[in-house]
Amino acid sequence: MDKKTIIKTLEKIALYMELQGENPFKVSAFRKAAQVLELDARSLAEMDNILSLKGIGAATGSVIEDLINVGESSLLVELQSTVPSGLLPMLKIPGLGGKKIAKLYKELQIDSIEALKEACETNKVQALAGFAAKTEVKLLAEIENLQSKPERTAVWQLEPIVAMIESKLAAIPAIDKFSVAGSYRRVKEASKDIDFIIATATPKEVREELLKVLPVLKIIAAGDTKVSITLGGEQEVDVDFRLVEARQYASALNHFTGSKDHNIKMRQIAKEQGKKISEYGVELEDGTVVHFESEKDFYAYFNLPFIPPTVREDGSELTKLDQLSKLITLDDIKGDFHMHTTWSDGAHSIEEMIEASRTKGYSHIVITDHSNYLKVANGLSKERLLKQMETIKEINAKYTDIEVFSGTEMDILPDGSLDFEDEILKQLDFVIASIHSSFSQPQEKIMERLQTAMKNPYVHMIAHPTGRIIEQRDGYNPDVPTLIEWAKEYGKILELNASPYRLDLKTEHLKLVVEAGVPIAINTDAHHIDQLKYMEIGVRYAQKAWLHKENVVNTWTLEQFKQFIQK
DNA sequence: GCCGTTTTCGGCCCGACTGTTTTCAGTCG
């Protein structure tokens with residue numbers, strides 16, 4: 001029996017209980033028990049006192065004992081035999097929760113989305129107390145919608161939408177200030193919706209403006225403080241706007257940035273002090289409400305350092321406050337080691353990339369165009385690469401404030417060989433090895449290819465190690481723990497590719513890399529000067545894995561970097 | 001269902017919005 005299975009079982013039990021219309025506190029007790037296990041860093045074998053953990057009592061404890069002793073939970077088995085599995089997907093229908101689904105099942109024997117659709121169409125649902133004609137229409141629309149709209153939208157799809165909304169909000173005079181909040185602000189890879197906080201003295205006016213200037217497909221809700229809409233366009237997405245007074249802004253921003261778990265932890269802390277946190281401020285026992293100028297002030301009020309949005313996740317961040325000052329920040333970044341120019345598939349010349357990098361304040365960068373194999377990207381032949389090296393040398397001589405190194409993003413070919421011979425590689429300052437082809441090979445073959453690169457003495461780094469595109473393709477499925485072991489053995493850098501399409505390696509893998517003590521480079525893989533800005537999302541994503549400055553190659557000084565690439 | 005150094009019973013984070021009601025339940029974040 002492993003911990004994951006126990007956690008999953010407890011969560012599944014909670015789900016089934018919800019579908020029975022159970023007491024929500026009872027349901028959340030099972031979720032909490034699952035979370036207690038999740039947050040405990042120890043493996044199942046290392047935990048000798050599971051049943052004495054806070055949050056695990058008689059009922060949840062017996063589920064765990066069942067799983068360890070028998071291999072299955074009698075409670076879950078019982079629930080599964082009484083609750084039809086067809087009710088589970090019904091929870092995905094907006095407007096339907098456990099109570100209503102339980103009622104629909106109990107009164108009308110509705111046990112699937114299909115059955116619900118039919119019952120609505122034949123007007124059987126409106127006969128139930130608490131349901132009416134309008135509900136049937138809404139349910140039918142939501143069921144219809146369920147197939148067409150994806151559950152989560154990737155960060156790279158949201159990015160241009162957020163930018164569009166920001167430009168619209170900036171042009172509304174009645175808005176004092178605004179910020180994106182929610183999981184997008186926490187740099188989650190994908191989000192269910194986008195949240196915005198708006199400070200205004202005239203919320204009604206702003207509400208009307210919003211509905212006018214945005215490409216609204218559907219209004220989900222439009223109250224005095226909340227406007228929820230579905231935006232049309234290439235990518236349909238739900239957006240929530242919260243309209244608050246200027247003095248409530250910091251509290252609202254904090255509240256709607258979440259995460260939910262982080263907020264709950266903060267509220268518990270406040271409660272112990274006899275205070276109450278809401279999205280409008282902190283209420284004291286005598287009823288007065290304290291407001292804050294900024295989120296920093298809000299945390300300071302509870303004697304806490306500023307906690308960046310990116311690490312506000314499962315609540316465990318409040319036990320790692322001593323690490324906050326070591327977290328990697330954009331200010332620590334001294335260089336970018338993976339970018340393309342017009343020599344291969346980039347949009348800008350070497351000089352333009354250098355100039356754009358100088359405005360970032362970098363002390364060193366590496367130009368890494370594609371190699372010969374990648375014809376679609378105009379990959380460089382060895383002759384062109386040698387010529388580029390000369391060109392970079394000449395250009396570099398013109399600059400005193402930035403050092404430009406010659407590199408390559410060399411393909412690891414499908415047959416496991418490398419695209420350039422050692423004779424060429426040893427002349428380069430920095431060598432990246434990447435897989436761009438034959439993703440569907442069996443894992444052993446993929447690992448064989450990666451190992452060839454790892455063993456090559458002239459390779460410095462493996463780029464986008466899994467090849468994933470967020471929410472779109474999984475990549476080539478390497479055995480990442482083994483890859484990390486090799487990186488340690490052969491002294492290689494692993495990349496956190498900062499392109500929002502990739503964010504590769506992902507958080508859970510980055511944590512392993514840190515544990516192994518393998519250096520990580522955060523690189524934009526920029527094909528355009530505008531994409532150099534991806535360093536920011538990369539750094540903020542790295543914070544989610546609690547990457548410290550010392551784990552990240554980009555924080556090294558020019559001298560330290562030179563030493564590494566020369567060995 | 002779980003918890004407890006004011007508590008073994010009563011509260012569990014808190015508030016907005018909708019659709020159903022005619023003062024509130026359910027859902028959502």
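Chain identifiers are assigned alphabetically (A, B, ...) following the order of the sequence lines, protein sequences preceding nucleic acid strands; residue numbering begins at 1 within each chain.
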Scan A/V239, A/L231, A/T153 and name whichever one has a side-chain contact (heavy atoms from CB on, under 4.5 Å) with A/I194. A/V239

[N] OP1/OP2 closer than 4.0 Å to side-chain N/O of [X]:
X      : N      : result
A/K226 : B/dA16 : no
A/S28  : B/dC12 : no
A/K260 : B/dG29 : no

Within this structure, what is the [atom1]-to-[atom2] distance between [X] and [N], rounded to whole angstrom?
X      : N      : atom1 : atom2 : result
A/F241 : B/dC17 : CZ    : C1'   : 17 Å
A/K138 : B/dG26 : NZ    : C1'   : 11 Å
A/E22  : B/dG26 : CD    : P     : 14 Å
A/H255 : B/dG29 : NE2   : P     : 12 Å
A/K192 : B/dT27 : NZ    : C1'   : 11 Å
A/R242 : B/dC28 : CZ    : P     : 14 Å
A/K100 : B/dC24 : NZ    : C1'   : 12 Å
A/E272 : B/dC13 : CD    : P     : 12 Å

Residue A/A58, side-chain atoms from C-beta onward, closest of B/dC2, B/dC12, B/dA16: B/dC2

A/K54 side-chain proximity, nearest of B/dC3, B/dG26, B/dC13: B/dC3

Measure the acute angle between the ring planes of A/Y301 and A/F292, then classify it against the limits of 30° and 60° as parallel, tilted or perpendicular. perpendicular

Using the six-membered ring of A/F131, assess whether NZ or CZ of A/K100 lies under 6.0 Å from its centre and within 45 degrees of the ring axis. yes

For a quick check of understanding: with a heavy-atom distance under 4.0 Å over all strands, which category does A/I13 fall into, base, sugar-phosphate or nothing? nothing

Please work out if A/F256 contacts a base, only the sugar-phosphate, or nothing of the nucleic acid, heavy-atom cut-off 4.0 Å. nothing

